[in-house]
Participant: 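The structure that follows is given in the form of C-alpha cells.
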Amino acid sequence: MIGAAVLAFCAGNALAVNPFVVKDIRVEGIQRTEAGTVFSYLPVRVGETFDDDKATAAIKALFATGFFKDIRLEEENGVLVVLVEERPAISSVDFTGTKEFEKDNLVKALREIGVGETKIFDKAAVDRAEQELKRQYLSHGLYGVKITTTVTPIERNRVTIMFNVDEGDIAKIRQITFVGNKAFSDKELRQQMELRNSGWFTWYSKADQYSKQKITGDLEAIKSWYLANGYLEANVESTQVSITPDKKDIYLTINITEGEKYTVSSVKLEGETFGREEELSRLILLKPGKTYSGELQEATNKLIADRLGTFGYAFANVTANPEINREKREVAFTFFVDPGKRAYVRHMNIQGNTVTRDEVIRREFRQFESSWYDANRVKLSRDRVDRLGYFKDVKIETPESPGTSDQVDVNVIVEEKPTGNFMIGGAFSQAEKFTFTASISQANFAGSGNTVGIEVNTSKYNRTVAVSQTNPYFTDDGISRSFQLYHRNSRPLYGYGTYSTRQTGGNLTFGVPFSESDTVFFGAGLERTEIETDANSPFLYLQFVKDNGGDPSGIGRASTTAIPLTAAWGRDTRDSAVTPTRGRFQRANLEIDAIGDVKYARVVYEQQWYRPLTSWMTLALRGEFDYGKGFGGNAYPVFKNFYAGGIGSVRGYESSTLGVVDQNYGYAIGGAKRIIGNAELQFPFPGGGKDRSLRWFAFVDGGQVYQEKEKILLDRMRYSAGLGLQWISPVGPLKLSYAKPLNAKPGDQLERFQFQMGTGF
C-alpha cells in the first residue's frame with residue numbers, strides 16, 4: 001500500500017520525486033480527522049525541501065495512525081497536497097440472540113480488543129472479535145453456536161456492527177470412560193472429578209458442561225488420588241474428547257497408567273534446621289512401613305515450611321526427594337529444608353473492601369508491619385477477619401517486596417457481601433397454624449463494623465419487638481459495648497383458659513477480650529414483668545400471681561421488677577463465621593438477680609464443634625445445657641423458664657412444646673433445666689463439587705426440658721432425625737429441614753417441616 005501511494009505521487013516523474021520547496025500544505029478528503037492531526041504526523045514543514053525520503057516517511061507515518069485506508073501525495077505549484085480516504089468509524093456494536101452472556105459485558109469486552117463505538121473500523125479486528133466470541137461460547141459447552149457478523153455502512157463514513165448469534169443447545173457430557181484403571185473403579189475415579197455425567201442436579205452446578213480448564217483440573221485430581229493411595233508413578237497418559245454430529249453430546253475417554261503401589265521404607269531430614277531437627281522431624285507424616293501417600297508428603301512439606309514461617313522464614317522451601325526401589329516396591333524420602341532469608345513484613349495491604357472501612361479490617365490484624373514475618377499470626381489475622389462475617393471470602397498473599405530479598409508484603413484480599421439482612425422464618429402446625437418471625441439488621445453499618453438491628457416475632461401465641469446495637473470496638477483495646485431494648489408479649493390459648501405475660505426491659509453489656517479467641521462479658525439490665533391469669537390458667541402461673549402480691553386464688557394480675565446482672569465467657573476458634581468447617585465456638589453465661597423482687601440464678605452453656613471428615617464433608621456437633629434456680633426462699637420465676645422443640649433445638653417437634661405439661665390442659669410450660677444436642681453431617685449439593693454456598697445436611701437432634709426440682713432423666717429425652725438444605729444465595733440465606741420424630745409420645749405436638757429464609761441488602 002505504501003509503495004502504491006508513493007508510485008501514485010511519482011507518476012510522470014520517472015518514478016522519482018523532483019525535490020521542491022514546500023510553499024503550503026493542503027489536506028483533502030478528511031471527514032472526521034482534524035487537519036492539524038495530519039500536519040502533526042508529516043515530517044515536512046512549509047519552507048522545507050520535499051524529496052523521496054520525506055515522501056516515504058510521510059506515507060509510513062500517516063498509515064501508522066490507522067485512520068486511513070488510502071493516501072496519495074501530489075504537488076501543485078509548490079503546494080504539497082495530501083489526499084486521504086478515511087477508514088469508517090464504528091457507530092455502534094450490538095448483539096442479537098445472546099442469552100448465555102450479558103450484552104453489556106460483551107460490549108465492554110469487545111471494546112478492549114478494538115471493536116467498539118467511536119473506534120476505527122478494522123475488518124481484521126472484527127474477525128478476531130467474532131472468533132473470541134465463539135471461543136467463549138465453546139468454553140460454556142455451546143458447541144453448536146453460529147455467529148454471523150453484519151457490517152452496515154451509514155452516513156458520515158460510519159458503520160454499525162451487528163453480531164447475530166444462534167447459541168444452539170448446550171453440549172452435555174453423556175459418558176466418562178477410563179482405560180487402564182485396575183486399582184480403582186470408574187465410579188471411584190469419577191468422584192474425584194468436577195465434571196460429571198448429566199444428571200438431575202447438574203442443572204445447578206453445570207458440572208456436565210465440558211471445558212478445558214475443568215478437565216485439566218480433574219486430571220490433576222485423579223493423579224493426586226493415585227498418589228494419595230500409594231501409586232507413586234501413576235500418570236494420565238492422554239484424554240480423548242469426542243462430540244456427536246449434532247454437537248449435543250460429549251464423550252470423554254481418559255487413559256491411565258497406574259504403575260505399582262509403593263510402601264515407605266525410610267524418611268530423613270536434611271538441610272538447615274537451626275538445631276530444630278528433632279522438632280521438625282516430628283512433623284513428617286510419612287511413616288516407614290506405611291503405604292506412600294502424596295497427600296501426606298505435600299502436607300509434610302507445608303507443615304515444615306509453615307513451622308519455619310513462624311520464625312520469620314517466609315520463603316522457606318521443603319523438597320521431598322524420593323529414592324525408588326522398584327524391585328521391593330519401596331520408596332525412601334529425604335526432606336531437604338531450605339529456609340531462605342528471614343523476612344520482615346514491610347506493608348499490610350487491604351484490597352477489595354468497597355464498603356468496610358480499612359480500620360475495621362486492620363484492627364483484626366495480629367501480624368504487624370516492620371516486625372518479623374510470623375505464619376501463625378498471618379493465619380490468625382485471616383481467620384479473625386473472616387470471623388467478622390462481613391465477607392464472602394478472605395485470602396492472604398505474601399509476595400516478596402520489590403527490590404528486596406528480606407521483606408514481604410502481606411496482602412489481605414476480601415470479597416464484600418451484603419451485611420444487611422432481612423430474615424423471615426416460619427413453620428406450619430395444626431396448633432399454631434402458621435408461625436412467623438422477622439428481623440432486620442445491619443451487621444456492618446456504613447462499613448463501621450457496628451451492628452444495629454430490629455427484631456419482630458409474631459405468631460398466634462407470641463409477639464416480640466426488640467432493638468439493639470453493638471459496637472465491637474467501643475474502645476481501642478477491643479472492648480465491645482452492646483445494648484438492647486425490648487417488649488415481649490405472650491398470650492397462649494390453652495383449652496378454654498388464657499394467661500398473658502408482658503415483659504419490657506433493656507440491658508447494657510461490655511465485652512473484654514483477654515486472649516485472641518476468648519472474651520469475657522459483664523452486663524446489667526432492668527426488666528418489668530406482668531402476668532395476668534384467669535381460672536383456667538396453668539398452675540405455675542396461678543402460683544406466681546399468688547406469690548407476688550396477687551389474689552390468694554392466683555387469679556388476676558401481678559408484676560415484678562428484676563435487675564439481672566450478667567457475667568459471660570465466649571471462645572471462638574472457627575475458621576469462618578458463615579460456613580465453618582473446623583474449630584469450636586463456646587459460650588457460658590451467668591445471669592443473677594439478688595436485688596429485684598424475684599431472686600434467681602440462671603446458667604447457660606453452649607458448645608459448637610466442627611471437623612472436616614473429608615475435603616468436602618464436615619461434621620458439626622452442638623450441645624447446650626441450661627440451669628435455673630430460685631434462692632432466698634423464692635421459686636425459680638416461671639417467666640424465665642427454658643423451652644425446647646422446633647428450630648434451634650429439637651426439629652420435628654412444635655416450637656416450645658417439650659417438657660413438663662400443665663396438669664389441667666396437657667400443654668408444655670417450660671422448665672428450669674434444659675438439655676439440647678444436635679449433630680449434622682454437612683456435604684455439598686450433588687453435582688456441586690466443593691461449593692460451600694449450597695449444602696445438604698443430615699441431622700439428629702435430641703433434647704428435653706425439666707422442672708426445678710425434677711431429676712434429669714435421659715430416658716425422657718425426645719429425638720428426631722431428618723434432612724435439610726442450606727443455601728447462601730445471592731439475596732440471603734435459606735434453610736429448609738424435614739424431621740421425623742424418633743420417639744414421640746402420646747400428647748407430643750409434632751411439626752415436621754420448618755424453614756428459615758432471608759434477603760440481603
Side-chain angles (χ1 to χ4, degrees), residues 178-193 217-237 254-311 313 316-340 375-376 379 581-583 609-619 681 690:
F178 297 90
V179 177
N181 55 310
K182 298 177 182 178
F184 304 104
S185 66
D186 286 12
K187 181 179 179 181
E188 288 176 295
L189 296 180
R190 288 193 196 103
Q191 290 175 344
Q192 312 311 313
M193 300 177 64
D218 284 346
L219 297 182
E220 287 298 321
I222 292 172
K223 185 175 181 180
S224 296
W225 173 256
Y226 272 98
L227 290 174
N229 287 276
Y231 293 86
L232 181 61
E233 298 176 305
N235 192 33
V236 179
E237 298 293 341
I254 301 173
N255 299 283
I256 296 173
T257 300
E258 292 184 334
E260 299 293 340
K261 188 174 183 178
Y262 284 87
T263 300
V264 178
S265 59
S266 64
V267 293
K268 60 181 179 179
L269 195 67
E270 292 186 357
E272 179 58 70
T273 60
F274 305 106
R276 298 175 179 270
E277 184 173 354
E278 183 178 349
E279 175 186 347
L280 298 179
S281 294
R282 289 197 295 267
L283 301 177
I284 298 177
L285 302 179
L286 290 177
K287 303 298 181 184
K290 300 293 184 180
T291 300
Y292 165 74
S293 170
E295 187 176 15
L296 294 181
Q297 174 195 318
E298 291 297 325
T300 297
N301 293 348
K302 187 175 185 303
L303 284 173
I304 296 175
D306 287 349
R307 184 57 179 159
L308 291 171
T310 63
F311 308 134
Y313 296 94
N317 184 40
V318 181
T319 305
N321 300 319
E323 296 180 13
I324 300 175
N325 187 328
R326 292 182 174 84
E327 293 182 0
K328 296 183 178 181
R329 299 178 185 175
E330 293 180 344
V331 57
F333 275 94
T334 300
F335 290 90
F336 185 81
V337 180
D338 178 15
N376 284 346
K379 181 181 181 302
T581 60
R582 66 174 66 248
W609 181 80
Y610 301 88
R611 179 175 181 178
L613 300 182
T614 68
S615 60
W616 51 273
M617 184 182 298
T618 301
L619 175 63
L681 189 62
K690 299 178 182 179

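The figures here come from the full heavy-atom set of this structure, side chains too, leaving out hydrogens, waters and symmetry mates.
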Participant: How close do Pro612 and Thr581 get, heavy atom to heavy atom, and via which atoms?
Facilitator: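 Between these two residues, the closest heavy atoms are CD-O, 3.0 Å.
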Participant: Is there a side-chain contact between Asn317 and Val337 in this structure, where contact means two heavy atoms from C-beta onward sitting under 4.5 Å apart?
Facilitator: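 Side-chain contact under 4.5 Å: no.
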Participant: Do Asp338 and Thr319 have side chains that get closer than 4.5 Å, going by heavy atoms?
Facilitator: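 Not touching, per the 4.5 Å side-chain cut-off.
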Participant: Show which side-chain atoms of residues 230-237 pair as donor or acceptor with protein atoms under 3.5 Å away, not counting sequence neighbours.
Facilitator:
from	atom 1	to	atom 2	distance (Å)
Glu233	OE1	Tyr262	OH	3.0
Glu233	OE2	Arg326	NE	3.0
Glu233	OE2	Arg326	NH2	2.6
Glu237	OE2	Thr257	OG1	3.1

Participant: Taking CD in Glu279 as the centre, count heavy atoms belonging to other residues, nucleotides or ligands within less than 6.0 Å. Is the count above 12?
Facilitator: yes
Participant: For residues Ala305 and Ala316, report the shortest heavy-atom separation together with the two atoms involved.
Facilitator: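 In this case the closest contact between Ala305 and Ala316 is CB-O, 4.0 Å.
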Participant: Is any side-chain heavy atom of Val331 less than 4.5 Å from a side-chain heavy atom of Glu323?
Facilitator: no
Participant: With a 4.0 Å cut-off on N to O distance, would you call Lys268 and Glu270 a salt bridge?
Facilitator: yes
Participant: Using side-chain contact (heavy atoms from CB on, under 4.5 Å), reason through Phe178 and Asn255 one step at a time and then give a plain yes or no.
Facilitator: CA-CA 6 Å; Phe178 297 90; Asn255 299 283; over 6 Å; no
Participant: Within a reach of under 6.0 Å around CZ of Arg329, are more than 12 heavy atoms found that belong to other residues, nucleotides or ligands?
Facilitator: no
Participant: Could you pull out the closest heavy-atom pair between Ala228 and Ser293, with the gap in Å?
Facilitator: O-OG, 3.3 Å
Participant: Would you sort out whether Glu258 and Asn181 count as a side-chain contact (heavy atoms from CB on, under 4.5 Å), showing the intermediate values?
Facilitator: CA-CA 7 Å; Glu258 292 184 334; Asn181 55 310; 3.7 Å; yes
Participant: Under a 4.5 Å cut-off applied to non-hydrogen side-chain atoms, are Thr300 and Leu283 in contact?
Facilitator: no
Participant: Going through the checks in order, is the side-chain contact (heavy atoms from CB on, under 4.5 Å) test met by Arg276 and Phe311?
Facilitator: CA-CA 12 Å; Arg276 298 175 179 270; Phe311 308 134; 3.5 Å; yes
Participant: Of all heavy-atom pairs between Lys261 and Asn229, which one has the smallest distance, and what is that distance?
Facilitator: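 The answer is CE-O, 3.4 Å.
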Participant: Is a donor on one side and an acceptor on the other found under 3.5 Å between the side chain of Glu188 and the backbone of Ser185?
Facilitator: yes
Participant: Between Tyr292 and Glu330, is there a side-chain donor-acceptor contact under 3.5 Å, judged purely by atom types and distance?
Facilitator: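 Their side chains do not contain a donor-acceptor pair, so the 3.5 Å distance test is not met.
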Participant: Just to verify, what does Lys302 make a side-chain hydrogen bond (donor to acceptor under 3.5 Å, both in side chains) with, not counting sequence neighbours?
Facilitator: Asp306
Participant: Counting N and O atoms only, with roles assigned by atom type, does the side chain of Glu295 sit under 3.5 Å from a partner on the main chain of Ser224, one being a donor and the other an acceptor?
Facilitator: no
Participant: Is there a side-chain contact (heavy atoms from CB on, under 4.5 Å) between Trp225 and Leu227 once you walk through the steps?
Facilitator: CA-CA 5 Å; Trp225 173 256; Leu227 290 174; over 6 Å; no
Participant: Counting only heavy atoms not in Glu272, do more than 12 fall under 6.0 Å of its CD?
Facilitator: yes
Participant: Is there a side-chain contact between Phe335 and Ile284, using heavy atoms and a 4.5 Å cut-off?
Facilitator: yes
Participant: Kindly give the heavy-atom pair with the smallest separation between Phe336 and Gly271, and that separation in Å.
Facilitator: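 Where Phe336 meets Gly271 most closely, the heavy atoms are CE1-CA, 3.8 Å.
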